[in-house]
> 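Structure in structure tokens, see below.
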Number of protein chains: 4
Amino acid sequence: MLSVGKSKKEVVTEFRQSEILAAARRVFASRGFHDSTIEDVAEAAGIAKGTIYLYYASKLDLYWAALKAGIVAMVEEAERQMAAVATVREKMQAFIASKINYAEAQKDFFRVYFSEFGNALTHPAEMQREFKQLYLGQARMLSQVIADGVRRKELRPLAPESAALAIADLTRGMIVQRMVGWSKASVDDDIQFVFDLIWKGLSNR
Amino acid sequence: MLSVGKSKKEVVTEFRQSEILAAARRVFASRGFHDSTIEDVAEAAGIAKGTIYLYYASKLDLYWAALKAGIVAMVEEAERQMAAVATVREKMQAFIASKINYAEAQKDFFRVYFSEFGNALTHPAEMQREFKQLYLGQARMLSQVIADGVRRKELRPLAPESAALAIADLTRGMIVQRMVGWSKASVDDDIQFVFDLIWKGLSNR
Amino acid sequence: MLSVGKSKKEVVTEFRQSEILAAARRVFASRGFHDSTIEDVAEAAGIAKGTIYLYYASKLDLYWAALKAGIVAMVEEAERQMAAVATVREKMQAFIASKINYAEAQKDFFRVYFSEFGNALTHPAEMQREFKQLYLGQARMLSQVIADGVRRKELRPLAPESAALAIADLTRGMIVQRMVGWSKASVDDDIQFVFDLIWKGLSNR
Amino acid sequence: MLSVGKSKKEVVTEFRQSEILAAARRVFASRGFHDSTIEDVAEAAGIAKGTIYLYYASKLDLYWAALKAGIVAMVEEAERQMAAVATVREKMQAFIASKINYAEAQKDFFRVYFSEFGNALTHPAEMQREFKQLYLGQARMLSQVIADGVRRKELRPLAPESAALAIADLTRGMIVQRMVGWSKASVDDDIQFVFDLIWKGLSNR
DNA sequence: GATGAATGAGCGTTCATTCAT
DNA sequence: GATGAATGAACGCTCATTCAT
């Protein structure tokens, strides 16, 4: 089977885009959306201001692109980790561990991500909708696992989606605590803490 | 004749300040900090732009004042509700219920509040410190209740502060879900869901 | 002989005005016209902002009033000193000494005065005219003395007005040098220097 | 082919800067620093407001740049004129003539210059220092000539620096008189008047 | 008369976006 | 495609002036 068909131009374009995205993530993470300038991102990416507009139509566009790319990567990482283990218990633990570890490795992205999460509430409707899709996407696989657990009676009967969101919230809270420096425990201890709480809260007895 | 001690001027000043604060809350809630202008707030308050500067030194000042006033009121409300009941279990439930109910009643404020919570991660250090104080303040009373519960063996042994933050996170998550319209359940059902999860997660057996 | 006729009200008014004027002079001198606020002057005078508008119609008005009052006092002082001596030579020396000494004593005023002198060139025509009157007023007595000296052949024949302005310029320059700290000589030495130069420049042989 | 070394970009930049400077000089001259707006300067230069900030960091910066450029040109002109003649007497005359003629040709600049000279007294220390340097710079060559004259006994013994400042003051005064319209004499007559006064005042016998 | 809270026009500065090279 | 000079709308903040008390 021959080349999947990316022309040289497309490759260059993708490379540029990912470079810009990485720069954007760094910049937005350190200064927030409003206090970052396109110039900042351009400098961080080592290109000229105008070039960014060849790849993204506006500052907001760039921001969303950076955010989306990060979320997709994050979700994929979680999926990978969850697919690698077998039981409901393990999968839930994998989800939590994957998120917390990912956050440790990608602090930049998480800063943007949480910042956006807060702002989403004050954002235009259209943006909220899209953000919701992305956010729920990651909860979906978790809620399937939970539904499975409920079916097998490993978990007590409860709405899988609500439970999934609860897990996400708890994990999120722990990540923030670590990020802001309120938690001094080891990564593994914090993962264990969240999992314990959740497992005791959800399991059947 | 007992003078309650406030001169007419002081009364007027307080009234103006609270009017401005209310307008600020509304405006910041609907558009976020950066996309709100002082002019917007002034209009919402029915006064002139310059007048705001008679009461608050800067846009940021006004923002913080609106935020702080709201947090203080929120914490007081929670304290009141928790003080009104006796057992550890009831107090925990009171905390959760108080928060969720308060959020229903004060949607404006919560929008600002969560927005800030996200942005805190990208904010100047000094602001983070103050915000942290306010945020931890509300967790403090909860962690005392938990410590009490642990002492009485009603709760399994765990770090009270971490547990308190976990409760706050879970409650927060539920409020956001309701706010964004992802939860269609009744307020009481949602309160119950959070409490169940927490109680099962934390209690001894 | 009875009262010269100032009612109590007028006395109060005059007192207020002179207090305000003094405050204005101090404030304008230290910060310049544009960087001084009416509030500054009010504070310096120990009264409320609005009160100033009972005595002066605008900030500019107040400024001019402060300037004029100072110039009048300065001119009167020079007249007094010049009237106290007899010869042309002494009168010229008296003028120079009076100005330099007055400047030492009234640094505030001179700062405003010179500042205005510079700005006069960029000021509206009407203001320039009035300023010109005041400025020439002080040169007038000097030019009469010079005319007298020319008539008596003590001075070589030259246009009295031009000579008067030249004396004023030289004196002014010395005052500025002292004010800015470029001259380290004693007041008397500086007076002598200016006078020597002038006298040699103007006298007949 | 010899490249003189300026890239096209540099040429454009220099052109823009000098255009802006010229516009600034005109505007500041006619309205003064505080009553001129950046918008005014931009309009006068036929460019957009923002463009000015590409070349000057602030309004004050622009002002100083306009002032400095003018002073440097003025000093160079005087140096040229003085270098072209041989005797002490001629050099002093050249200084006076150069200044007065330059003022006739550059009324805009002189208006700004004198305005600044007055304001210098109320300006922040740092600015005064720089202005002092520029101002003294022009007096320096004059005081060397005077020192020379004193050495050759052409001038009576006196402090060269004080004498230089006196010449500058007198010249300055004459320029102002011409500028404000108080002198109706011809340029040459006014030059002669100042020179006569100075020469008689300074020369030996 | 005296006050000082309220007003709102005005300005310096920033920065997302455009477009000629 | 890449650049970065140019643009101009937008906004935070100031302060002279007014006027109800």
Side-chain angles (χ1 to χ4, degrees), chain A residues 9 12-13 16 33-43 45-63, chain B residues 8-9 12-13 15-16 20 34-43 45-63, chain C residues 9 12-13 16 33-43 45-63, chain D residues 8-9 12-13 15-16 20 34-43 45-63:
Chain A
K9 198 207 287 189
V12 169
T13 292
R16 264 288 152 75
F33 176 73
H34 273 284
D35 294 335
S36 303
T37 69
I38 286 285
E39 179 76 58
D40 290 335
V41 176
E43 256 174 48
I47 58 177
K49 216 176 358 166
T51 308
I52 290 183
Y53 284 89
L54 297 175
Y55 298 95
Y56 299 95
S58 70
K59 188 185 173 187
L60 202 53
D61 240 57
L62 172 58
Y63 180 66
Chain B
K8 189 178 164 193
K9 201 204 309 185
V12 170
T13 291
F15 179 67
R16 266 281 191 280
I20 293 174
H34 272 287
D35 294 334
S36 303
T37 70
I38 287 285
E39 180 76 60
D40 289 337
V41 176
E43 259 173 46
I47 58 178
K49 211 179 0 168
T51 307
I52 290 184
Y53 287 90
L54 295 178
Y55 298 94
Y56 299 94
S58 70
K59 189 185 172 186
L60 203 53
D61 237 57
L62 172 59
Y63 180 65
Chain C
K9 200 207 287 189
V12 170
T13 291
R16 263 290 153 75
F33 176 73
H34 274 284
D35 294 335
S36 303
T37 69
I38 286 286
E39 179 75 58
D40 290 337
V41 176
E43 256 174 47
I47 59 177
K49 216 177 354 169
T51 308
I52 289 183
Y53 284 88
L54 296 176
Y55 297 95
Y56 299 94
S58 71
K59 188 186 173 186
L60 202 54
D61 239 58
L62 172 58
Y63 180 67
Chain D
K8 188 177 165 192
K9 202 204 306 183
V12 170
T13 291
F15 178 68
R16 267 281 191 279
I20 294 174
H34 273 287
D35 294 334
S36 303
T37 70
I38 287 285
E39 179 76 59
D40 290 336
V41 176
E43 258 173 45
I47 58 177
K49 209 171 12 161
T51 306
I52 290 184
Y53 286 89
L54 295 178
Y55 298 94
Y56 300 94
S58 69
K59 189 186 172 186
L60 203 53
D61 237 57
L62 173 58
Y63 180 66

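All of these numbers come straight from a predicted model, not from anything done at the bench. Chain letters run A, B, ... following the sequence lines, proteins first, then strands; residues in each count from 1.
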> Could you pick out which residue, B/Y53 or C/K59, lies toward the 5' side of DNA chain F when each is mapped onto its nearest nucleotide?
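Result of the comparison: B/Y53.
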> Between D/L54 and B/T37, who's closer to the 5' end of DNA chain F by nearest nucleotide?
D/L54
> Rounded off to whole Å, could you give me the CD1-to-C1' distance for the D/I52 and E/dT13 pair?
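Taking atom C1' of E/dT13 as the reference, CD1 of D/I52 is at 12 Å.
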> In whole Å, I'd like the distance from the CD atom of D/E39 to the C1' atom of E/dG12.
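Between C1' of E/dG12 and CD of D/E39: 11 Å.
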> Using a heavy-atom cut-off of under 4.0 Å over every strand shown, decide if A/T13 touches base, sugar-phosphate, or nothing.
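The residue A/T13 makes no contact with any strand.
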> Rounding to an integer number of Å, can you tell me how far D/D35 CG sits from E/dC11 P?
9 Å
> So what does D/S58 touch, heavy atoms closer than 4.0 Å: a base, only the sugar-phosphate, or nothing?
sugar-phosphate
> Could you tell me how the ring of A/Y63 sits relative to the ring of A/F33: parallel (under 30°), tilted (30 to 60°) or perpendicular (over 60°)?
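The arrangement is tilted - the two ring planes meet at 30° to 60°.
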> Within a strict 4.5 Å, meaning less than it, do heavy atoms of the C/I47 and C/R16 side chains meet?
yes
> I want to check something: taking the side chain as every heavy atom from C-beta on, are C/Y55 and C/L62 in contact at a cut-off of under 4.5 Å?
no
> Looking only at non-hydrogen atoms, find the nearest pair between A/A48 and A/A42 and report the distance.
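Nearest heavy atoms, A/A48 then A/A42: C-CB, 3.9 Å.
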> Along DNA chain F, 5' to 3', what are the outermost nucleotides having an atom less than 4.0 Å from a heavy atom of chain C?
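Range of nucleotides touched by chain C: F/dC15 to F/dT18.
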> Describe the nucleic acid contact of D/Y56 in one word from base, sugar-phosphate, nothing, applying a heavy-atom distance below 4.0 Å.
nothing
> Filter on salt bridge (charged side-chain N to carboxylate O under 4.0 Å, His left out), then keep only pairs touching residues 46-60 of chain A, sequence neighbours left out; what's left?
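Sorted pair list: A/E39-A/K49.
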> Taking for each residue the nucleotide of DNA chain E with the nearest heavy atom, is it B/G50 or D/H34 whose nucleotide lies nearer the 5' end?
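It is B/G50 whose nearest nucleotide is closer to the 5' end.
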> Take atom CD1 of B/I38 and atom P of E/dG8, then tell me their distance rounded to the nearest Å.
16 Å
> Please round to the nearest 0.5 Å and tell me the distance separating atom OG1 of D/T51 and atom CD1 of D/I20.
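Reported to 0.5 Å precision, the distance equals 7.0 Å.
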> Can you measure D/D40 atom CG to E/dT13 atom P for me and round it to whole angstrom units?
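Atom-to-atom, D/D40 to E/dT13, this comes out as 14 Å.
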> Nearest heavy atom decides the nucleotide; on that basis, is A/K49 or B/K49 closer to the 5' end of DNA chain E?
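Between the two, 5'-proximity favours B/K49.
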> To the nearest 0.5 Å, tell me how far B/I52 CD1 sits from B/D61 CG.
12.0 Å
> If pairs are Watson-Crick or G-U with both distances under 3.5 Å, what is the dot-bracket string of DNA chain E, marking crossing pairs with [ ] and pairs to another strand with |?
.||||||||||||||||||||
